[in-house]
Amino acid sequence: MTKQQRNLSREEFCQHLEEAKRENPKAFSISSWNILADRLSYQLRIKGVSRVPHYPTEKLHWDSRGVEISKLISTLKTDVMCFQEIEVFNYQGTFEPLLNKMGYEGVLQKDFKYSGLATFFNSQLFELVSFNSRSRATVTVLKHKQVEDMPLIAIANVHLMGEYTCTEDRFNQTKSLLLEIQKDLNMPCPSKPKGTTKPEQVAVFLCGDFNCNIDSGVHKLAFEGKLDKGYQDEAGTYNPKADFAHPFIFKSSYLEAGTSPPFTFKGHMNSRNDEVDFILFTPLTVQAD
């Protein structure tokens, strides 16, 4: 999607995806969405607290909100869909039956307390190779069914710690995730020193709610492939113990496509409107459009 295409309607967006697939059989689409847990939206609103004060109370109830979300999912039909803050009741009652009917297979994060992560993929295009859960992320490894020379695709669905100053937690969650991806893809890493897979043989995506903006230490770690001991940004200190490096170099799909939302979280703890939701990819094997 070019800068001139940033304001596409839903119909134009879907047409763009169809054209891309006709031109390139390797093309596929990914979407990511923090749907806002019911207990953190409607249930808090009726107690007099709200994370979205600008939104009408009646529209927050899942009976209303779920219908609108389902309409959008049915319209966009991206090949991979990553959801954050999903709950068991709406996974089983809304997402799973709707998307199974549309030809998708889904995997749900294990052992979450209130809300978790779910990833759905087009089962006509992909088969599931492996799935692993972390406390703040899942890793879904997929193989393309229709194109033989496609690399394995690792989809990391993330929802990092939300408190603005919890920089060390977000670093540790990201570090743990990157090590898990390497292990799942049989790459050389501490848990698999004899791994044989190289970065140019896999496609890796980090999708979701990072709860920090693009200038954070988490993004520096993703974009540069390393983070020095004691790195600091305006939110606090990351990586207090030792330098850390990983074999991937990520780019932002929004920046590469020439588009970016003005904010995806309104009224952050530091009273700013921030873009905190991203889809990052490895440009060695992926081109964003």
Side-chain angles (χ1 to χ4, degrees), residues 1-2 5 13-33 73 76-83 99-100 102-108 117-134 137-158 177-189 192 194-208 222-223 225 246-259 278-289:
M1 188 178 299
T2 66
Q5 295 171 316
F13 176 78
C14 294
Q15 182 180 356
H16 179 72
L17 294 183
E18 291 174 3
E19 290 173 354
K21 287 184 179 181
R22 284 197 297 268
E23 294 172 2
N24 184 358
K26 295 183 178 181
F28 62 94
S29 53
I30 296 179
S31 60
S32 179
W33 193 352
I73 289 172
L76 297 182
K77 299 178 183 177
T78 53
D79 297 311
V80 179
M81 303 183 189
C82 298
F83 298 102
L99 285 160
N100 284 172
M102 291 169 57
Y104 289 76
E105 184 178 337
V107 285
L108 181 65
L117 306 162
T119 302
F120 287 86
F121 57 91
N122 183 338
S123 58
Q124 291 185 331
L125 283 184
F126 301 111
E127 64 178 88
L128 180 65
V129 176
S130 66
F131 174 71
N132 275 300
S133 283
R134 315 298 293 177
T138 62
V139 181
T140 306
V141 179
L142 303 174
K143 180 181 179 180
H144 204 291
K145 290 181 176 181
Q146 300 177 7
V147 183
E148 288 294 330
D149 61 343
M150 282 277 283
L152 286 179
I153 302 165
I155 308 291
N157 187 353
V158 308
L177 170 61
L178 291 167
L179 290 172
E180 180 65 43
I181 293 171
Q182 293 172 68
K183 184 183 76 171
D184 291 353
L185 293 174
N186 192 35
M187 302 179 73
C189 60
K192 277 196 174 181
K194 296 184 179 180
T196 58
T197 305
K198 299 178 181 179
E200 58 268 25
Q201 295 175 312
V202 295
V204 183
F205 294 84
L206 306 184
C207 311
F223 295 154
H246 61 88
F248 309 111
I249 299 294
F250 291 93
K251 288 188 176 182
S252 165
S253 60
Y254 299 135
L255 293 180
E256 291 300 302
T259 182
F278 300 90
I279 297 177
L280 308 183
F281 68 96
T282 49
L284 269 178
T285 48
V286 179
Q287 178 180 346
D289 184 23

Between CG on residue Leu17 and CZ on residue Arg22, distance to nearest 0.5 Å:
11.0 Å
Closest approach of Leu117 and Ala137, non-hydrogen atoms and distance?
CD1-CA, 3.5 Å
Look up atom CD1 in Ile279 and atom SG in Cys82, then write down how far apart they are to the nearest 0.5 Å.
7.0 Å
Check: Val204 main-chain N/O paired with Thr282 side-chain donor or acceptor under 3.5 Å
yes
For a quick test of reading the model, state the closest non-hydrogen atom pair linking Phe83 to Leu99 and the distance between them.
CE1-CD1, 4.2 Å
Check for a donor-acceptor pair, side chain of Ser31 on one end and backbone N or O of Thr78 on the other, with a separation under 3.5 Å.
no
Determine the minimum heavy-atom distance between Val286 and Phe281, stating which atoms define it.
O-CE1, 3.4 Å
Between Ser130 and Asp184, a side-chain donor and acceptor under 3.5 Å
no
Approximate separation, where rounding is to 0.5 Å, of Thr119 OG1 and Phe131 CZ:
6.5 Å
Smallest separation among heavy atoms of Asp79 and Tyr104, with atom names:
O-CE2, 3.7 Å
When rounded to the nearest 0.5 angstrom, what is the spacing between CG in Leu185 and CD in Glu180?
9.5 Å
Greater than 12 external heavy atoms within 6.0 Å of Gln201's CD:
yes
Say whether, by atom type as modelled, one donor and one acceptor occur between the side chain of Asn157 and the main chain of Ala118 under 3.5 angstrom.
yes
Between the NE2 atom in His246 and the CD1 atom in Ile181, the distance rounded to the nearest 0.5 Å is 9.0 Å
Answer yes or no: is there a side-chain heavy-atom contact under 4.5 Å between Leu284 and Ile249?
no
Can you confirm whether more than 12 heavy atoms, excluding those of Lys198, are under 6.0 Å from its NZ atom?
no
For the CD atom of Glu200 and the OG1 atom of Thr285, what is their distance to the nearest 0.5 Å?
9.0 Å
Exam field: side chain Asn186 to backbone Gly195, donor-acceptor pair closer than 3.5 Å
no
Under 3.5 Å: donor-acceptor pair, side chain of Gln146, backbone of Gln124
yes
What pair of heavy atoms forms the shortest contact from Ser123 to Gly103, and how long is it?
OG-O, 2.7 Å
Show your working on side-chain contact (heavy atoms from CB on, under 4.5 Å) between Val80 and Ser29 and close with a plain yes or no.
CA-CA 6 Å; Val80 179; Ser29 53; over 6 Å; no
For the residue pair Phe205 and Phe28, categorise the inter-ring angle as parallel (less than 30°), tilted (30 to 60°) or perpendicular (more than 60°).
perpendicular
Verify the neighbour count for atom NZ of Lys251: are there more than 12 heavy atoms of other residues, nucleotides or ligands below 6.0 Å?
no
Evaluate the side-chain proximity of Ile155 to Leu142: yes if any heavy-atom separation is below 4.5 Å, no if none is.
yes
For the pair Leu177 and Leu206, evaluate side-chain contact (heavy atoms from CB on, under 4.5 Å) and give the outcome as yes or no after the intermediate values.
CA-CA 10 Å; Leu177 170 61; Leu206 306 184; 4.1 Å; yes
I would like to know whether Val107 and Thr138 meet side-chain contact (heavy atoms from CB on, under 4.5 Å); could you show each step before the answer?
CA-CA 9 Å; Val107 285; Thr138 62; 5.9 Å; no
Under 30°, 30 to 60°, or over 60°: which ring-plane class applies to Phe126 and Phe121, parallel, tilted or perpendicular?
perpendicular
Considering all heavy atoms, the nearest Gln182-Pro188 contact
OE1-O, 3.4 Å
Test item: Ser253 side-chain N/O and Ala288 main-chain N/O as donor-acceptor pair under 3.5 Å
no
Residues Lys21 and Glu18 bridged, charged N to O under 4.0 Å
no
